[in-house]
Amino acid sequence: MDTTLFQPIPGMADLAAPEVLLWQRLEEQARRIMPLYGFTEIRTPALEYTPVFTRALGETTDVVQKEMYTLADRGGRSLTLRPEGTAGVIRYAAGQGAAADGARLYYVGPMFRCERPQAGRKRQFHQLGVEALGEPNPAADVEVIALQQHLFQSWGLRDFTIDVNTRGLPDDRPAVAQGLAAAVRPQLDALCADCRRRFDTNILRLLDCKQESCRQVIAALPDMATFMSAPARAYLDEVVRLLAQLHLPARVNPRLVRGLDYYIHTVWEIRHPALGAQDALSGGGRYRITQGEKNFDGVGFAAGLERAVMAVQHDQPGWLAAIQPDAPVSLVALGAAARDANLQLAQELRQRGCACGLDLGDRSLKAQMRAANRAGSAWAVIRGERELAAGAAALKDLRDGQQTELKLEDVVAKLIAATGPTRVAPAPG
RNA sequence: GUGGAUGUAGCUCAGUUUGGCAGAGCACCAGGUUGUGGCCCUGGCCGUCGCGGGUUCAAAUCCCGUCAUCCACCCCA
C-alpha cells in the first residue's frame with residue numbers, strides 16, 4: 001500500500017460516516033438557533049486578498065506571521081486562505097456601507113492555518129461563528145455569550161466553562177503593558193525562558209503561561225483592568241451585571257488573554273475539560289476593525305467544530321451510535337425478474353418517503369437476509385417467482401420474525417404508514 | 001520551528017526485549033437450510049510487517065536514513 005497516495009495533506013482530514021452525521025446534527029441545531037437571535041447566514045470566499053487578514057488581525061500576530069497559507073495568483077497578487085472568519089465578514093460588511101450597520105451574520109466553514117497538528121488542531125479546521133455589528137454595547141456582548149451557551153446546550157454539552165475578561169480600549173494598552181511590566185520586572189528571574197522572552201515581545205502572554213513557577217508569580221500580579229481607564233472598567237462591570245441577570249455561569253478571569261489585535265473591551269473563552277491541551281471550544285469578543293478610513297465595530301465568536309465534536313462525544317457517549325441512518329425496509333429478490341420488480345418498488349417507496357435498500361446483484365436469499373439484518377431493517381419484503389405471479393409479496397417483521405403474504409399494494413400501504421415521512425428522528429440528549 | 005511516542009490484514013492490536021515458517025480477535029464471503037436474518041459450528045479471503053539502504057546463513061525484530069501519524073511545547077477555535 002502506498003502510504004501517501006491515498007492520504008490527504010497533513011493536518012487535513014476526510015470526514016465521512018458515521019462521524020459526519022454528528023457534524024450534520026450540530027449544524028442543524030445551529031441553523032435552528034441562529035435565527036432565534038436574529039442571525040442569518042453569510043458565505044464568504046475561502047480565499048481573500050492577503051491584506052484582508054494582515055490588517056484585521058494585526059501584522060505582528062502569530063497567525064499572520066507564521067500560520068497563514070499565502071500564495072500568489074497569476075497576476076502576482078498575494079492571496080491567503082482564510083485563517084479565521086471575522087476578517088472576511090467585515091470585508092463584506094464594509095462593502096455594504098450603511099446597510100451593514102446592525103447586521104447579524106453567522107458562518108460555518110473551513111479555515112486554514114499551517115501549524116503543527118495535534119489533538120484539537122488541524123490545518124484545515126471548521127468554525128461556526130457569528131458577527132453582530134454595531135457600536136460597543138455590553139448588552140450585545142452578553143447576548144452573544146448567551147447564544148453560545150444556548151447552542152452548546154443544544155449540542156448536549158455539559159462540562160464547559162465560560163471565562164470573561166476585558167481587553168480595554170486601544171488607548172489603555174500602553175498603560176496595561178507598562179503596569180504589568182513594572183509589576184513583573186522584580187521577579188523576572190523566577191520566570192521560565194519563554195516568559196522572559198514574552199516580557200519583551202508580548203507581555204500579556206505571560207499571564208496564561210502553563211509553567212508552575214510562572215503561575216505563582218502571575219497569581220500575585222494585579223489585574224489588567226486596574227491599569228485601564230474608568231470607561232473600560234465600567235464596561236466590564238456592566239457586562240458582569242448583565243451576565244448575572246441572565247444567570248449565565250460565566251466568571252471573570254483576569255488572566256484570560258486573547259491574541260488577535262482587533263479585540264477591544266469584552267473577550268471570552270469557553271473551555272471544555274475533555275479536549276486536551278487545546279481546550280478552547282470557542283473564543284470571542286468585541287472588536288474594532290479598520291477598513292479603508294472607517295472603523296467597524298462588532299462582537300462575535302468562533303467555535304471550533306472539530307473540538308465541539310470531540311466534546312460532544314465525551315459528554316454524550318451514546319449519541320454517535322444513536323444517529324445511524326436507518327434503512328427500515330430491505331427488498332429481497334429471488335431471481336432477475338424479482339430484482340427488476342424490486343428496483344421499481346424501491347423507487348415508489350422512496351418517492352413516498354420510505355427509505356429502503358435492495359441487493360443489486362444476484363446474491364443468495366440467505367445473503368440478502370443477512371444484509372437486511374445488518375442494515376438494521378425492521379422489515380423485509382421478499383419476492384420470487386411465486387409472489388410475482390400472484391401480484392403479492394411476503395412481508396417479514398425482522399424484529400419478531402413474523403411473516404405474512406399480502407397483496408403488493410397492501411405491503412406498500414403498510415410500509416408507508418409505518419415508516420413514512422412523518423417519522424421524526426429522536427431528539428438529542 | 002522544538003521535543004516525545006507510534007507505524008504489522010479492511011479495523012483493533014499481539015509478536016520486536018533475546019534475529020529463526022506472518023499471528024489473534026473483529027469484519028467480510030461461503031457452507032451447515034431446494035426460498036429466510038440474528039445465536040452457534042465449519043471452512044475461506046485478506047500482508048511490500050510505512051518506505052529505502054545496511055549487518056547477517058537468516059531481519060517485522062539489530063543499525064542508518066526517510067516518510068507518515070499521534071501527543072506535547074508554541075499558538076489558537
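Lettering follows sequence order; numbering is per chain, from 1.
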At less than 4.0 Å, is any side-chain N or O atom of A:Lys122 found next to OP1 or OP2 of B:rC70? Yes or no. yes
In plain terms, say whether A:Asp163 and A:Arg271 are close enough for a salt bridge, that is, a side-chain N and a carboxylate O under 4.0 Å apart. yes
At 4.0 Å (heavy atoms only), tell me whether A:Arg370 reaches a base, stays on the sugar-phosphate, or touches nothing. sugar-phosphate
Distance-only donor-acceptor test, A:Arg116 side-chain atoms vs B:rU2 base atoms, 3.5 Å: yes
Could a donor-acceptor pair under 3.5 angstrom be found where the side chain of A:Gln278 meets the base of B:rC75? yes
Any Lys/Arg nitrogen of A:Arg104 or A:Glu143 sitting under 4.0 Å from an Asp/Glu carboxylate oxygen of the other? yes
Determine whether a donor-acceptor pair (one donor, one acceptor, N or O, separation below 3.5 Å) exists between the side chain of A:Arg121 and the base of B:rC74. yes
Salt-bridge present (A:Asp141, A:Arg286; N to O < 4.0 Å): yes
Rounded distance in Å - CZ (A:Arg363) to C1' (B:rG37): 12 Å
Is there a side-chain polar atom (N or O) of A:Arg374 under 4.0 Å from OP1 or OP2 of B:rC28? yes
Could A:Arg255 and A:Asp208 be called an ion pair, given the rule that one side-chain N must be under 4.0 Å from one carboxylate O? no
Candidates B:rA77, B:rC75, B:rG38 - which lies nearest the side chain of A:Arg258: B:rA77
Ignoring hydrogens and angles, are the base of B:rC74 and the side chain of A:Gln118 linked by a donor-acceptor pair under 3.5 Å? yes
What residues in residues 387-410 of chain A put a non-hydrogen atom under 4.0 Å from any atom of RNA chain B? A:Glu387, A:Lys396, A:Leu398, A:Arg399, A:Gly401, A:Gln403
Remember a base hit wins even if backbone is also touched, and classify A:Ala380 as base, sugar-phosphate or nothing at under 4.0 Å, heavy atoms. nothing
